[in-house]
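Okay, structure first, notes after.
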Amino acid sequence: MHLQNYIDGRWVDSTSGETFEDTDPANGEMLATATKSVAADVDRAVDAARRAFDSWRLVPAPKRGEILYRAGEILLRRKDELAREMTREMGKVLAEARGDVQEGIDMTYYIAGEGRRQFGDVVPAELPNKWAMSVRHPQGVVAAITPWNFPLAIPTWKIMPALVLGNTVVFKPASYTPLLAVRLVEVLEEAGLPKGVLNLVLGSGSELGDHLVTHPGIDLISFTGSSETGAHISELAGRLLKRVSCELGGKNAIVVMDDADLDLAIDGIVWSAFGTSGQRCTAASRVISHRGVANDLIDRLVGRAKKLRLGHGLEDSTDIGPLVSKSQLERVHSYIPVAEKEGATIAAGGRVARDGALAKGFFHEPTVLVDVKPNMRVAQEEIFGPVTAVIEASNLDEAIKVLNSTKYGLSCSIYTRNVNDAFRFLRDAETGIVYVNAGTTGAEVQLPFGGMKSTGNGHREAGRAALDVYSEWKSIYIDYSGKLQRAQIDTAEKTGMAP
Ligand code: NAP
């Protein structure tokens, strides 16, 4: 299989003629070659998107929404096929890959409805015979830059709201997941998207990224990925006063109080810490346990972690798939000696898994670290692998202090049966997403998604909030008095309206 760029409605190779490989991280099998783009390909994609913007913005929004409804139907029809390809391309187990595609379907349907909403405000004007209202105006050409961990869902979070609001898009997916990016573009092409409205550029972010971000034809950069790349993009774009929306890393925590249903809490921790091999931005890489239940919690968590079965994500027997790449495996594993050096104890896992067929892939044992203090690197830095650190706290206040002690602020949860504690936690947690008696993952598309502090730059994906990223507000005043009326100056007395 060979994967190409999609520019101005045509599938084309890069002008460089070079390619890169798309491989299965569970066994190293090659799935496809992908065209490796250079700056000239970015230029073509941006030019096509700029030209298409002139007509796409004038297509009635309900018609734009209808194309998205059709895309949702095609995604639903192809769900199983896409999920299987996703498992092979980036490793997550099949049930989770199906969930990723389903999230893309949910987002597509949800946003399609915005074709008939996109509500603005109509408000009273302060002067007689005057009308005041606000409407949304598209940003223009959007660069959508996405990571590999949700290779279908995250692109839909960006592309669907951008399109329904009348923007055109240049899509630069992660180099580990070009196949799913091609599939999403195929779906929108089949749904009837006009040429040039969505353009796909495959290739290395470190080589192409600066050119795309600083391109004068790009109006908005919507980025999801690491904090390092997000900061770099923001710096470049900031100098040019471009709009930038960043969704970045996390160091999410599950707090378990001494009155919690411990069985329920352990289920939530295992799912949130080890699902997708810990490669979710919302993964629970910290567990903050009340001291009163910590020993019991650790025993049970260690028992469960040791029972998880590693393997290819397409096999029914597999609980945990591989990490996405060799470099990601090395990065995750490098935290084990860091943890030990700082005084943490490895209570489960801690090794690269190399038994039998696992030797061909990038597998890491599910790992539980204990004796962890809040200021240790493993308690502060995003590890992005199947590693969770248990930190003990004496009471709710201390647990919240530990929770809020990192620079990140994406997701958190509390397990408790005490409603007062739950509400204090909801109020004081400095994260964009908070759960009660559930793990840290599982966001739904109809609410905003994103984080506080260094997890982002104040924007949100999904929900109604997504519309604010991909549109500008335009305030409109219509004076039908037939005379000069001056706001703030012509007061009620002067206009003859005083009682
Ligand atoms: P990454 O290395 O920052 O890459 C993300 C995207 O940026 C990729 O498409 C990458 O291309 C591209 N890129 C790299 N350098 C660039 C540059 N100079 N200019 C423009 N684009 C550039 O992140 P990742 O490893 O793929 O993803 C993992 C990170 O994403 C984690 O930190 C995770 O927490 C975060 N994440 C956050 C959320 C959220 O909503 N908060 C959701 C999911 C993931 P290449 O692939 O070609 O390098």
Side-chain angles (χ1 to χ4, degrees), residues 20-22 34 36-37 39 42 89-90 92 100 103 107 143-158 170-178 180-181 200-215 218 221-237 242 244-252 276-285 323-325 327-329 331-332 381-385 406-411 431-433 440-441 443 445 448-463 465-466 469:
F20 63 98
E21 290 183 358
D22 187 15
K36 189 164 186 258
S37 306
V42 171
E89 188 173 46
M90 57 69 67
K92 68 171 77 170
D100 190 322
E103 193 169 340
M107 186 66 189
I145 305 176
T146 56
W148 43 266
N149 63 338
F150 282 86
L152 193 98
I154 291 180
T156 66
W157 292 358
K158 300 183 184 306
V170 176
F171 173 26
K172 201 320 263 170
S175 295
Y176 291 129
T177 50
L180 261 289
L200 173 70
V201 180
L202 304 174
S204 157
S206 54
E207 289 169 28
L208 294 176
D210 289 8
H211 188 69
L212 176 61
V213 167
T214 57
H215 197 294
I218 294 290
I221 299 111
S222 175
F223 172 78
T224 300
S226 63
S227 298
E228 294 71 30
T229 312
H232 173 70
I233 287 175
S234 301
E235 206 178 318
L236 289 181
K242 284 177 189 277
V244 193
S245 161
C246 286
E247 291 298 339
L248 309 173
K251 188 70 189 173
N252 316 291
T276 316
S277 305
Q279 301 169 112
R280 294 171 177 150
C281 50
T282 52
S285 57
L323 295 169
V324 74
S325 66
S327 60
Q328 185 67 12
L329 177 63
R331 213 184 72 85
V332 168
E381 297 176 18
E382 183 179 51
I383 298 176
F384 223 55
T406 76
K407 66 178 182 175
Y408 296 110
L410 184 54
S411 180
T431 61
I433 306 167
T440 49
T441 69
V445 301
F449 181 98
M452 298 182 186
K453 303 194 285 187
S454 297
T455 290
N457 60 350
H459 298 285
R460 292 290 184 273
E461 310 244 47
V469 173

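Order of listing sets the numbers, starting from 1, for every ligand and every atom in it. If you read the sequence from its start, that first residue is 1, and numbering goes on from there. Because only heavy atoms are used, hydrogens play no part in the values below, and waters and symmetry mates are left out as well, while side chains stay in.
Of all heavy-atom pairs between Gly203 and Ser175, the closest is O-OG, 3.2 Å. The shortest heavy-atom contact between Pro151 and Asp100 is CD-OD2, 3.3 Å. The two atoms that bring Val469 and Ser245 nearest to each other are CG1-CB, 3.7 Å, heavy atoms only. Contact between Gly450 and Glu247 at its shortest, heavy atoms only, is CA-OE1, 3.1 Å. Smallest separation of non-hydrogen atoms from Val244 and Ser234: CG1-OG, 4.2 Å. Listed here is the closest heavy atom pair of Asn149 and Met90: O-CE, 3.7 Å.
Considering Gly250, Gly225, Ser411, Gly249 only, the shortest heavy-atom separation from atom 35 (C) of ligand 1 involves Gly225. Counting heavy atoms only, Trp148 comes closest to atom 25 (O) of ligand 1 of the residues Phe150, Phe449, Phe223, Trp148. For the residues Thr282, Leu208, Ile145, the heavy atom positioned nearest atom 12 (C) of ligand 1 is part of Ile145.
In this structure the side chain of Phe449 reaches within 4.5 angstrom of the side chain of Leu410, judged on heavy atoms. Residues Ile221 and Ile233 form a side-chain contact, since some pair of their non-hydrogen atoms from C-beta on lies under 4.5 Å apart. Looking only at side-chain heavy atoms (C-beta outward), Glu461 and Met107 stay at 4.5 Å or farther from each other.
Closest to atom 46 (O) of ligand 1, if we only count protein heavy atoms, is Ser175 N, 2.8 Å. The protein heavy atom nearest to atom 27 (O) of ligand 1 is Pro147 CB, 3.4 Å. The protein heavy-atom contact nearest to atom 48 (O) of ligand 1 is Gly205 N, 3.9 Å. Taking atom 10 (C) of ligand 1 as the reference point, the nearest protein heavy-atom neighbour is Lys172 NZ, 4.0 Å. Of the protein's non-hydrogen atoms, Leu248 O, 3.0 Å is the one closest to atom 37 (C) of ligand 1. Of all protein heavy atoms, the one lying nearest to atom 8 (C) of ligand 1 is Thr146 O, 3.3 Å. Ranking protein heavy atoms by distance to atom 31 (C) of ligand 1, first place goes to Glu382 OE1, 3.5 Å. For atom 28 (C) of ligand 1, the closest non-hydrogen atom of the protein is Phe384 CE2, 3.6 Å.
Counting the atoms of ligand 1 from 1 in the order shown, those under 4.0 Å from a heavy atom of Ser206 are 15 (N). Counting atoms of ligand 1 from 1 in the listed order, those under 4.0 Å from a heavy atom of Ser204 are 47 (O). Close contacts between ligand 1 and Cys281 involve ligand atoms 34 (O), 36 (N), 37 (C), 38 (C), 39 (C), 40 (O), 42 (C), 43 (C), 44 (C) [criterion: under 4.0 Å to a heavy atom]. Close approach of ligand 1 to His232 is summarised as follows: ligand atoms under 4.0 Å from at least one heavy atom of the residue are 18 (N). Applying the 4.0 Å criterion to heavy atoms of Asn149 picks out, from ligand 1, the atoms 43 (C), 44 (C). Residue Ile154 has at least one heavy-atom neighbour below 4.0 Å for each of these atoms of ligand 1: 42 (C), 43 (C). Near Gly203, meaning under 4.0 Å from any of its heavy atoms, are these atoms of ligand 1: 47 (O). Within ligand 1, counting atoms from 1 as listed, the ones closer than 4.0 Å to a heavy atom of Pro173 are 9 (O).
With hydrogens and angles left out, the side-chain atoms of Ser227 and Lys407 include no donor and acceptor closer than 3.5 Å.
The aromatic rings of Phe384 and Trp148 lie perpendicular to each other, with more than 60° between the two planes, well past the 30° mark.
The residue Ser227 has no part lying near ligand 1, judged by heavy-atom distances below 4.0 Å.
Each of Leu180, Leu202, Ile145 was compared with Pro173 under the side-chain contact (heavy atoms from CB on, under 4.5 Å) criterion, and only Leu202 meets it.
The salt bridge (charged side-chain N to carboxylate O under 4.0 Å, His left out) contacts involving residues 201-215 comprise Lys36-Glu207, where partners must be two or more places apart or lie in separate chains.
Residue contact check for ligand 1: Gly451 places no non-hydrogen atom closer than 4.0 Å to it.
For ligand 1, the polar-atom distance check finds no N/O of Thr224 at less than 3.5 Å from any of the ligand's N/O atoms.
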